[in-house]
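Input: a single structure, listed below in structure tokens.
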Amino acid sequence: QVQLVESGGGLVQAESSLRLSCVASVRTFNNYAMAWFRQAPGKEREFVAAISRLGTSTYYADSVKGRFTISRNNAKNTVLLDMNNLKPDDTAVYYCAAVWRLSGGAPTKRDEYNYWGQGTQVTVSS
């Protein structure tokens, strides 16, 4: 069982930056691919970014490419999402997700992840 706890959300102005953190309570964190998804009111949960188990491969949604950076620290069981140049359209609840994945990078589809955090709210005002 993997427990994921996100933090770092908040209310910011457009063009600001924010860092989200996700801490995993699992002994073998470096055997899990990790990802961030987000869900805006009235919309489906969508992929934001993913990172392979050792951090060698990263993947981004087109809407955040060049603005968001995903990284991980396996010694601290932590995955980060650095968000720059935030836009009002980035307003959503952001979820951390995990899946056991020893090879093949990291999935980008929601259904491939089986562990989820509770989410952290990010609100970007114009």
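Just so it is clear, the model here is predicted, and its values are computed rather than measured.
Atom NZ of K65 has more than 12 heavy atoms from other residues, nucleotides or ligands within 6.0 Å. For E46, the CD atom counts as densely surrounded, since its 6.0 Å shell holds more than 12 non-hydrogen atoms of other residues, nucleotides or ligands. Within a 6.0 Å sphere centred on CD of E15, other residues, nucleotides and ligands contribute 12 heavy atoms or fewer.
At a threshold of 4.5 Å between non-hydrogen side-chain atoms, the residues L18 and V122 count as touching. Looking at Y95 and C22, their side chains never come closer than 4.5 Å, going by heavy atoms from C-beta outward. The closest side-chain heavy-atom distance from F47 to Y59 is below 4.5 Å. Residues Y94 and Q39 are not in side-chain contact: their nearest non-hydrogen atoms beyond the backbone lie 4.5 Å or more apart.
Taking the six-membered ring for Trp and thresholds of 30 and 60 degrees, W100 and Y32 have ring planes more than 60 degrees apart, a perpendicular arrangement.
Cluster annotation: F68 is not connected to F37 through the hydrophobic network of ILVMFWY side chains, with a link wherever side-chain heavy atoms come within less than 4.5 Å. Residues F29 and V2 are members of one and the same hydrophobic cluster, defined by side-chain heavy-atom contacts under 4.5 angstrom among Ile, Leu, Val, Met, Phe, Trp and Tyr. The hydrophobic cluster containing L20 also contains V64, counting ILVMFWY residues as joined when their side-chain heavy atoms lie under 4.5 angstrom apart, directly or transitively. V12 and V48 fall within the same hydrophobic cluster, defined by Ile, Leu, Val, Met, Phe, Trp and Tyr side-chain heavy atoms under 4.5 Å apart, directly or through other members.
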- Task: Under the side chain to side chain contact (heavy atoms under 4.5 Å, CB included) rule, what do V93 and T120 come out as? Steps first, then yes or no, please.
- Result: CA-CA 5 Å; V93 177; T120 185; 6.0 Å; no
- Show your reasoning for whether side chain to side chain contact (heavy atoms under 4.5 Å, CB included) applies to E112 and V99. CA-CA 7 Å; E112 297 196 59; V99 63; 5.7 Å; no
- Task: Verify side chain to side chain contact (heavy atoms under 4.5 Å, CB included) between Y115 and Q1, making sure each step is shown before the conclusion.
- Result: CA-CA 8 Å; Y115 297 105; Q1 191 72 10; 4.1 Å; yes
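At least one donor-acceptor pair under 3.5 Å links the side chain of R72 to the backbone N or O of S52. Listed for the T91 side chain is a donor-acceptor partner under 3.5 Å among the backbone atoms of V124. Distance alone, capped at 3.5 Å, places no donor-acceptor pair between the Q13 side chain and the S126 backbone.
Rounding to the nearest 0.5 Å places CE of M83 at 11.0 Å from CZ of R19. M34 CE to T58 OG1: the interatomic distance, rounded to the nearest 0.5 Å, is 14.5 Å. Once rounded to the nearest 0.5 Å, the distance linking OG of S7 with CD of Q118 reads 13.5 Å. Atom CG of N77 and atom OG of S25 lie 8.0 Å apart (nearest 0.5 Å). Separation of atoms CD (E44) and CZ (R110) is listed at 5.5 Å; rounding is to 0.5 Å.
When all heavy atoms of L102 and R53 are compared, the closest pair comes out as O-CD, 3.4 Å. Minimum interatomic distance between P107 and A50 (heavy atoms only, all atoms of both residues): O-CB, 3.5 Å. C96 and E6 get closest at one heavy-atom pair: N-OE2, 2.8 Å. Across every non-hydrogen atom of A24 and L4, the tightest pair is CB-CD2, 3.6 Å. Of all heavy-atom pairs between I70 and A35, the closest is CD1-CA, 4.4 Å. The two residues T69 and Y60 make their nearest non-hydrogen contact at CA-OH, 3.4 Å.
N73 and T78 share no donor-acceptor pair across their side chains, judged by distance under 3.5 Å alone. Looking at N85 and R67, their side chains never bring a donor and an acceptor atom within 3.5 Å of each other.
The cationic atom of R45 (NZ for Lys, CZ for Arg) lies less than 6.0 Å from the six-membered ring centre of W116 and within 45° of the ring axis.
At a threshold of 4.0 Å, the pair D90-K87 does not count as salt-bridged, since none of the basic side-chain nitrogens sits closer than that to a carboxylate oxygen.
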